[in-house]
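Notes follow once the structure below has been shown.
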Number of protein chains: 2
Amino acid sequence: MRRNPERRAALIDGAIEVLAAEGARGLTFRAVDTAAKVPPGTTSNYFASRDELLTQAGGRIYERLLPDAATVARHQEGTQDRARYAELMHELIDRISAFNVGYVALLELRLEATRRPELRAVLTERIRQDIDANIAYHAASGLPGDAKGVLLLYLALNWLIVERLTLPDIFTEQEAHDLVALAVERLVPEDG
Amino acid sequence: MRRNPERRAALIDGAIEVLAAEGARGLTFRAVDTAAKVPPGTTSNYFASRDELLTQAGGRIYERLLPDAATVARHQEGTQDRARYAELMHELIDRISAFNVGYVALLELRLEATRRPELRAVLTERIRQDIDANIAYHAASGLPGDAKGVLLLYLALNWLIVERLTLPDIFTEQEAHDLVALAVERLVPEDG
DNA sequence: AACGTAGTACTACACATGGAGTGGTGTCAA
DNA sequence: TTGACACCACTCCATGTGTAGTACTACGTT
């Protein structure tokens, strides 16, 4: 088993590309070799099985979808009211759109998790952490609304992203934008 | 090309099973033969290409996910208030859960639509019709709330179903149930 | 500076799998 | 008898895996 860490990372990123482009079933060692532009056989040398590749991709995608520290810091400036909340949600969606390959790959992984308990465990852990972090962040931020509102926004925005990514003609960009604003308006109770 | 319509239907239903179990990439003629319990080669004789199979499956799934006429009729009885609305949403989720293979297959198709314009067109058309029908049904029903509320519920409930189907340990059944109730409460403005 | 060594990159091959498509035969009903 | 379909068997082809063997590079030793 080879150990060059940059190569490993490049291969995992290649795996994410393949997931988005070909689906979970299309994730073969050779396809990853091609996507990562390394000679055929390389991925075989770095990963023992497809499962390993899938679970590691599951971990890595999430890292790349989360905001970086600078973004988080910036979010803490300014008044934390409902308009601000909506602004944050728009930014969230923009950020994910910028890495939509990752989001599609994550959906593929979710579906594959239906069939692979180990992958399911990894994703469950990751996503639970993310949800908890969102709720904790909200509680600490001084933003209006409650934890339930965070959850409901999580639900609505996720599907909105799915809709925009998979069937972009269902909602126009403008409609999607308005739905985000409206979701915040209705799901986040105003402070008294 | 063979024409026996029952066989065609059985093959399409087989294709839906395969989609859920193996993913879009696993949808091969032979796999459909196996799922539909017909001799190998049969699907080849009924469909010219995988594309044909995919688009026809896309049409058929939606038929099977929609409520039957009796259910729709039953929904029009009783007072049409917000409690009733929540009840309808719970029923909707139960109905989809009863055919979760279909829902998973539909998700696979959505992802595949990313890569196949023809399939994307079919799904876009179908789903737009469904959304429009929901809004029209709501308007005619006397239920509280507005069209935007219908859309926002559509978003939130869809992702809730995804979450329950792909990573069932994220929300318990009880939590999911409560989220549905709360979504209705917040997204559906009460009548004045 | 020459040499040896370890780890890795690259290439090529042997093997296995699985799916597509089709021709031929059997069967049933009009 | 004929036509349409079901069923079966066979060939061809594409793709992926794992690994053995070779080449390269960096580094430490004397």
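Sequence lines set the chain letters: A, B, ... in the order given, protein chains first and strands last, and positions in each chain run from 1.
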Original post:
Counting just side-chain N and O atoms, does B:Tyr46 come under 4.0 Å of either OP1 or OP2 of D:dA6?
Top reply: yes
Original post:
Within this structure, what is the CZ-to-P distance between A:Phe47 and D:dG16, rounded to whole angstrom?
Top reply: 18 Å
**OP:** Can you tell me the distance, in whole Å, between the CZ atom of B:Arg2 and the P atom of C:dG23?
**Re:** 12 Å
Original post:
For the pair made of CG in A:Asn45 and C1' in D:dT22, what is the distance, rounded to whole Å?
Top reply: 14 Å
Original post:
For D:dC5, does either OP1 or OP2 sit under 4.0 Å from a side-chain N or O belonging to B:Arg7?
Top reply: no
Original post:
Between atom CZ in B:Phe29 and atom C1' in C:dG19, what is the gap in whole Å?
Top reply: 10 Å
Original post:
Any side-chain N or O of A:Asn4 under 4.0 Å from OP1/OP2 of C:dA9?
Top reply: yes
Subject >> Length of the CG-C1' vector between A:Asp33 and D:dT15, whole Å >> reply: 13 Å
**OP:** For the residue pair A:Asp94 and A:Ser97, confirm or rule out a side-chain donor-acceptor distance under 3.5 Å.
**Re:** no
Original post:
Are B:Thr42 and B:Asn45 close enough that a side-chain donor and a side-chain acceptor fall under 3.5 Å?
Top reply: no
Subject >> Among A:Ile96, A:Ile61, A:Val101, side chain to side chain contact (heavy atoms under 4.5 Å, CB included) partner for A:Leu106 >> reply: A:Ile61
Subject >> Among D:dC10, D:dC5, C:dC13, the one nearest B:Arg3 by side-chain distance >> reply: D:dC5
Original post:
CD of A:Glu118: more than 12 outside heavy atoms within 6.0 angstrom?
Top reply: no
Original post:
Hey, which of these two, A:Ser44 or A:Gly26, hits DNA chain D nearer its 5' end, going by closest nucleotide?
Top reply: A:Gly26
Original post:
What's the CZ-C1' distance between B:Arg30 and D:dC12, to the nearest Å?
Top reply: 12 Å
**OP:** Select one nucleotide: of D:dC7, C:dT8, D:dG18, the one nearest the side-chain heavy atoms of B:Pro39.
**Re:** D:dC7
Original post:
Between atom CZ in A:Arg50 and atom C1' in D:dG18, what is the gap in whole Å?
Top reply: 16 Å
Original post:
If you pin A:Arg25 and A:Val38 to their nearest nucleotides in DNA chain C, which one's is more 5'?
Top reply: A:Val38
Original post:
C:dA9 P sits how many Å from A:Lys37 NZ, rounded?
Top reply: 18 Å
Original post:
Is the CD atom of B:Glu173 crowded by more than 12 outside heavy atoms at less than 6.0 Å?
Top reply: no
